[in-house]
Colleague: 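This is the structure I want to talk about, given as structure tokens.
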Amino acid sequence: MFAPRTLAEIKDDIRSRVGRRAPFLHAGKAESEEALAKLESIESEPWAAAWSEIGARWEEKAGSEEANGSAARAKEAYLKAYGYYGIARHPFPNSPGKQRAYLKTREMYLAASRYFDISLEPVAIPFEGKEIAGHLRFPKKLPAPLIMHWGGIDNWKEERLTFAEAFVREGWGCFVMDSPGTGECPMLAAPDSHRVHSAALDYLVKRPEVDPKRIAVVGASFGGYWATKIAHVEHDRLRAAVNWGGGIHYFFQPEWQEKSRNAPSYLFDLIEARANLFGKKTFEELIRVMPALSLKTQGWLDKPCAPLLLVNGKEDKQVPLEDFYLLLESGEPKAMRLFSGGHMGAIPDIFKTVLTWLHSKLD
């Protein structure tokens, strides 16, 4: 059990993340201090207003640079605007101001994408009367292997920019989508929500730019759960899968949710963000729906599985390492690498490991 963090502790954590960790990768120190000075709490509307004000300034600057024909400066300004609006909606849009910020995040990201060196194609895949929205990118040499990629409870497809571009630079295509219950995903989290991933896979294998026999999935944080689920469900169509910090069974039990509810590695509103995946709001509602996602309870762990890599930090306070050992002790042999640090570990070292392992499976 951890005590709730004070506002001062949260602000200090934010300062440590500026320019280094999501969602503050595109933030600047001076502007962040400007926003922090206005915050007397982490209530949704004041939070959204403080960061959106900075986002709006960068949006105006981006428009001016665009009108002047300066592509490089317009791209940088749009990325700044998208970054600040992304902070404003963090960790999820639970108020009108945060919802407006989220829509602006998407708008600014797509505006910036017009100037990306690696072109981005917005994709809308029909799905049960709705659409699966995604971002599709390809290397020059085609047909190419493809990485399907998604984040966790608060890191949505727009925030996966760095990873998507890295995958393409390795010679692979990349399709980034939102996990169930996040962003534009047409389904909330539920035991059968992997259907959105299967539907996306159905579409991607038919694209002429994709080598259908060399497709892998990478899921980050809670997204690692969906990567593991789809590695079992679609084992015959996937060459590899990476679970980067996602729970499997013990994570979904009420005992762990209680233990991790104020995990110090999460900025704020962890339980609320988890509950939002299911369309719920409270801890009590969350622990009623969480257990059904257990892959052990669903009976998947001893079934065939695509080659699976497990990576995480050894001191993770958000997801129990027992889930990773449970995977190692079940079904087909799997690979695992643990790093120092908390949830998801020392990110640069882990990403190098992920890339090397994917090359061993896709090349």
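Note that this is a predicted model, so its numbers are computed, not measured.
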Colleague: In terms of the angle between their ring planes, are Phe222 and Tyr225 parallel, tilted or perpendicular, with boundaries placed at 30° and 60°?
Modeller: perpendicular

Colleague: For Thr297, does its backbone N or O pair with a side-chain atom of Ser294 as donor and acceptor, under 3.5 Å?
Modeller: yes

Colleague: Thinking salt bridges, do Glu76 and Arg73 make one under a 4.0 Å N-O criterion?
Modeller: no

Colleague: Rounded to the nearest 0.5 Å, what separates atom CG in Asp269 from atom CG in Asn276?
Modeller: 10.5 Å

Colleague: Which heavy-atom pair separates Ser221 from Gly152 by the least distance, and what is that distance?
Modeller: CB-CA, 4.2 Å

Colleague: Please check: side-chain N/O of Asn312 versus main-chain N/O of Leu338, any donor-acceptor pairing under 3.5 Å?
Modeller: no

Colleague: Closer than 4.0 angstrom, basic N to acidic O: yes or no for Lys130 and Glu128?
Modeller: no

Colleague: About how many Å separate CG of Asp178 and NE2 of His135, when rounded to the nearest 0.5 Å?
Modeller: 8.0 Å

Colleague: Between Leu238 and Leu201, is any pair of side-chain heavy atoms under 4.5 Å apart?
Modeller: yes

Colleague: In terms of relative ring orientation, are Trp172 and His359 parallel, tilted or perpendicular, with 30° and 60° separating the classes?
Modeller: tilted

Colleague: Whether the side chain of Ser70 engages the backbone of Glu66 through a donor-acceptor N/O pair (distance < 3.5 Å, no angle test) should be reported.
Modeller: no

Colleague: Okay, side chain of Gln298, backbone of Ala292: is any donor-acceptor separation there less than 3.5 Å?
Modeller: yes

Colleague: Is the side chain of Lys229 donor-acceptor paired with the backbone N or O of Pro191 at a distance under 3.5 Å, no angle test?
Modeller: yes

Colleague: Under the side chain to side chain contact (heavy atoms under 4.5 Å, CB included) rule, what do Lys334 and Phe324 come out as? Steps first, then yes or no, please.
Modeller: CA-CA 10 Å; Lys334 302 165 185 71; Phe324 291 79; over 6 Å; no

Colleague: Picking from Asn262, Asp13, Asp12, what satisfies side chain to side chain contact (heavy atoms under 4.5 Å, CB included) with Arg5?
Modeller: Asp13

Colleague: Determine whether the side chains of Ser260 and Arg274 contain a donor N or O and an acceptor N or O closer than 3.5 Å.
Modeller: yes

Colleague: Find the distance between CG (Leu295) and NE2 (His249) and round it off to the nearest 0.5 Å.
Modeller: 10.0 Å

Colleague: May I ask you to check if Arg261 and Phe283 form a cation-pi contact, with NZ or CZ under 6.0 angstrom from the six-membered ring centre and within 45° of the axis?
Modeller: yes

Colleague: So does Glu33 pair up with Arg15, basic N to acidic O under 4.0 Å?
Modeller: yes

Colleague: Any luck finding a side-chain donor-acceptor pair between Asn94 and Ser44 under 3.5 Å?
Modeller: yes

Colleague: To the closest 0.5 Å, what do you measure between OG (Ser119) and CZ (Arg114)?
Modeller: 14.0 Å

Colleague: Might you confirm whether atom NZ of Lys61 has over 12 heavy atoms from other residues, nucleotides or ligands at distances under 6.0 Å?
Modeller: no

Colleague: Is the distance between the ring centroids of Phe167 and Phe351 under 6.0 Å?
Modeller: yes

Colleague: Say whether, by atom type as modelled, one donor and one acceptor occur between the side chain of His232 and the main chain of Thr228 under 3.5 angstrom.
Modeller: yes

Colleague: Which residue in the set Tyr109, Trp156, Trp58 passes ring pair (Phe, Tyr, Trp, His ring centres under 6.0 Å) when paired with Tyr82?
Modeller: Tyr109

Colleague: Please name the pair of heavy atoms, one in Gln318 and one in Phe251, separated by the smallest distance, quoted to 0.1 Å.
Modeller: O-CE1, 3.3 Å

Colleague: One pair to check against side chain to side chain contact (heavy atoms under 4.5 Å, CB included): Glu285 and Thr282. What are the steps and the verdict?
Modeller: CA-CA 5 Å; Glu285 291 175 316; Thr282 68; 3.2 Å; yes

Colleague: Look at the side-chain heavy atoms of Ile, Leu, Val, Met, Phe, Trp and Tyr, link any pair under 4.5 Å apart, and say whether Leu308 and Ile350 land in one connected group.
Modeller: no

Colleague: Do Lys303 and Trp300 meet the cation-pi criteria used here (NZ or CZ under 6.0 Å from the six-membered ring centre, within 45° of the axis)?
Modeller: yes

Colleague: How many angstroms lie between atom CG of Asp154 and atom OG1 of Thr182, to the nearest 0.5 angstrom?
Modeller: 9.5 Å

Colleague: Should Arg106 and Glu184 count as an ion pair when the cut-off is N to O under 4.0 Å?
Modeller: yes

Colleague: Under the side chain to side chain contact (heavy atoms under 4.5 Å, CB included) criterion, do Ile147 and Leu362 qualify, and how do the steps go?
Modeller: CA-CA 10 Å; Ile147 308 294; Leu362 293 175; 3.6 Å; yes

Colleague: Please report the closest heavy-atom contact between Asp211 and Pro143, naming both atoms and the distance.
Modeller: N-CB, 4.0 Å

Colleague: Looking at Asn68, I'd like to know if its CG atom is crowded, meaning that more than 12 non-hydrogen atoms belonging to other residues, nucleotides or ligands lie closer than 6.0 Å.
Modeller: yes

Colleague: Could you check if a side-chain atom of Tyr266 sits within less than 4.5 angstrom of a side-chain atom of His343, using non-hydrogen atoms only?
Modeller: no

Colleague: Mind checking the CG-OG1 spacing from Leu25 to Thr162? Nearest 0.5 Å is all I need.
Modeller: 6.0 Å

Colleague: Ion pair present between Glu234 and Arg237, side-chain N to carboxylate O less than 4.0 angstrom?
Modeller: yes

Colleague: Main chain of Val311, side chain of Arg337: is a donor-acceptor contact present, judged purely on distance under 3.5 Å?
Modeller: no

Colleague: Would the distance check show the side chain of Arg57 and the main-chain N or O of Glu53 forming a donor-acceptor pair, the cut-off being under 3.5 Å?
Modeller: no

Colleague: Using the rule that two of Ile, Leu, Val, Met, Phe, Trp, Tyr join whenever any of their side-chain heavy atoms come within less than 4.5 Å, decide whether Val176 and Val168 are in one cluster.
Modeller: no

Colleague: When you measure from the side chain of Glu59 to the backbone of Met108, do you find a donor-acceptor pair of N or O atoms at a distance under 3.5 Å?
Modeller: no

Colleague: Honestly curious: do Leu286 and Leu188 fall in one hydrophobic cluster under the side-chain, below-4.5 Å linking rule?
Modeller: no

Colleague: Take the angle between the ring planes of Trp150 and His197 and call it parallel below 30°, perpendicular above 60°, tilted in between.
Modeller: tilted

Colleague: Assess, by modelled atom type and distance only, whether the side chains of Ser340 and Glu315 contain a donor and an acceptor separated by less than 3.5 Å.
Modeller: no

Colleague: Does Met344 share a hydrophobic cluster with Leu270, counting links as ILVMFWY side-chain heavy atoms below 4.5 Å and allowing steps through other members?
Modeller: no

Colleague: Ion pair present between Glu121 and Arg137, side-chain N to carboxylate O less than 4.0 angstrom?
Modeller: no

Colleague: Do Ile54 and Leu39 share a hydrophobic cluster (ILVMFWY, side-chain heavy atoms under 4.5 Å, transitive)?
Modeller: yes

Colleague: I need the minimum non-hydrogen distance between Tyr115 and Ala71, along with the two atoms involved.
Modeller: CD2-CB, 3.7 Å

Colleague: For a quick test of reading the model, state the closest non-hydrogen atom pair linking Ala263 to Phe2 and the distance between them.
Modeller: CA-CD1, 3.9 Å

Colleague: Hey, are Glu45 and Ser95 close enough side-chain-wise for a donor-acceptor pair under 3.5 Å?
Modeller: yes

Colleague: Looking only at heavy atoms, what is the nearest atom pair of Phe175 and Ala200, with distance?
Modeller: CE2-CB, 4.0 Å

Colleague: Using a 3.5 Å distance criterion without hydrogens, assess whether the side chain of Ser179 forms a donor-acceptor pair with backbone atoms of Gly151.
Modeller: yes

Colleague: For a side chain to side chain donor-acceptor pair (under 3.5 Å) check, start with the C-alpha distance between Arg89 and Tyr85, then their side-chain angles and the critical distance, and finish with the verdict.
Modeller: CA-CA 6 Å; Arg89 70 96 181 144; Tyr85 282 128; over 6 Å; no

